[in-house]
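To start, the structure itself, in structure tokens.
Labels below follow one simple rule: chain letters A, B, ... track the order of the sequence lines, proteins then strands, and each chain is numbered from 1.
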Protein chains: 2
Amino acid sequence: MVSITNAAPRASARTRGNSRGEGTRAKLLDAALQAFASHGFHGTATRDIAAAAHMSPAAVYVHYRTKEDLLFELSLRGHLAAQEVVEAAATSASSPDVQLRAIARDHTTWHARYNTLARVVQYEMAALAPEHAKQVASIRRAIETRVRDIISTGTSSGLFRVPNPSMAALAVLSLGIDVARWYREGRGWSAQDIGDQYAELALRLVGYQN
Amino acid sequence: MVSITNAAPRASARTRGNSRGEGTRAKLLDAALQAFASHGFHGTATRDIAAAAHMSPAAVYVHYRTKEDLLFELSLRGHLAAQEVVEAAATSASSPDVQLRAIARDHTTWHARYNTLARVVQYEMAALAPEHAKQVASIRRAIETRVRDIISTGTSSGLFRVPNPSMAALAVLSLGIDVARWYREGRGWSAQDIGDQYAELALRLVGYQN
DNA sequence: GTCTATAGTTCGATAGAC
DNA sequence: GTCTATCGAACTATAGAC
């Protein structure tokens, strides 16, 4: 099972001792994740989330104030996890070509491996409350800026040949993001295969000569 | 205003003389298009579609049997329009490099220019009735096959260097499709600019040396 | 913290007058 | 073909017992 906890390990450790309460929240998040990914936020009833978590409809509201709160926690965790993946890849090297290869590979692999969470992250932003939408939008901008800066650096040093670093960054991220739209586990290539191949495509995009 | 009629010109000419009846259907389609693109199929009430078309909630059902029928007509028209764009570009030349450049350019430009329709087409497939989903899925497969065959031909002749034509075709289409997710009219580059630049990116993807 | 029961609202779709 | 009025179902969220 694809757990939301696996997708966002930074939220796993807890100071509070009640492990059962946290398990209940995780079960609700998992249920909401699968439902939102399958039918969308507005196409999902809280009753169905509760049923999938083996709880009564009312029990949901002990742990989350509204249905939108469930979406926001999923969206925030997903955005932070994606940012972490990009940040770790960027930090793993200092040369733009190695950095970009790692980013494209890991960003793409993440969107394949966690395609259900990624679809919620990418397609349900309009259902977030305005304040919540602002929060995740700032994470999105940070990711784009990180990739653009690396491409710009590589272009300035002559390592890449890119007419428009902003557009190239957008294109590289688009490649990875759109994988979540069509990838399904167990059909065709593995998430790792796609990540490896897309990394090479990304380097081609920026005119890297290897 | 971005009209659905503009987006799918093949449905404009009519044999029946009642231009007012057709105008009403077009108004409903336009209203549904904007609403579905903004809030999703399940996030849209038929009352809101009716209001945007300056009609009563009941009047919708004179022209469309169900809300899903509205979505299906939008989805079908959108898929057919996208296919037509790809087909026209493919037929416009016989050399794979010219064909692929035209496809990537026009496919991308279409997803930018008609980004509202494209988002409905790409993100609301799960809301279609099973029989309707099958119909549009076959169009999607035809588009993918068309692009893959051109890339395969170019690879066999040594014009392209592609390890995996299927994945390259998916990547080229992904680039265009994902533009609909972030592009908004009047902000940043024009649809044509993006199409032109993405066409060059697509040729880089397939290892074309110009 | 879980449950049953339900309040209060909104939904898709229909009835029937004109 | 349009309207007003409304049906019956489904929805989010809450009340109150245990």
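- Atom CG of A:L203 sits about 7.0 Å away from atom CG of A:D97, to the nearest 0.5 Å.
- Following rounding to the nearest Å, B:Y64 (OH) and D:dG1 (C1') show an atom-to-atom distance of 15 Å.
- Proximity of A:H63 to the phosphate of C:dT2: a side-chain N or O atom is located under 4.0 Å from OP1 or OP2.
- Side-chain N/O atoms of B:T24 include one lying less than 4.0 angstrom from OP1 or OP2 on D:dT2.
- Ion pair B:E124/B:R119 not flagged as a salt bridge, since none of the NZ, NE, NH1 or NH2 atoms sits closer than 4.0 Å to an Asp/Glu carboxylate oxygen.
- Salt bridge B:R140/B:E144: absent, no basic N to carboxylate O contact under 4.0 Å.
- No donor-acceptor contact under 3.5 angstrom links the side chains of B:R146 and B:Q99, judged on distance only.
- We find that A:R101 and A:E200 are joined by a salt bridge, their nearest charged nitrogen and carboxylate oxygen being less than 4.0 Å apart.
- By the 6.0 Å and 45° rule, A:R105 does not stack over the aromatic ring of A:Y198.
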Along nucleotides 10-17 of chain C, 5' to 3', which nucleotides get a B, which get an S, and which get a -, given that the test is a protein heavy-atom distance under 4.0 Å?
-BBBBB--

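- Look at CE on A:M55: it is 15 Å from C1' on C:dT4, rounded to the nearest Å.
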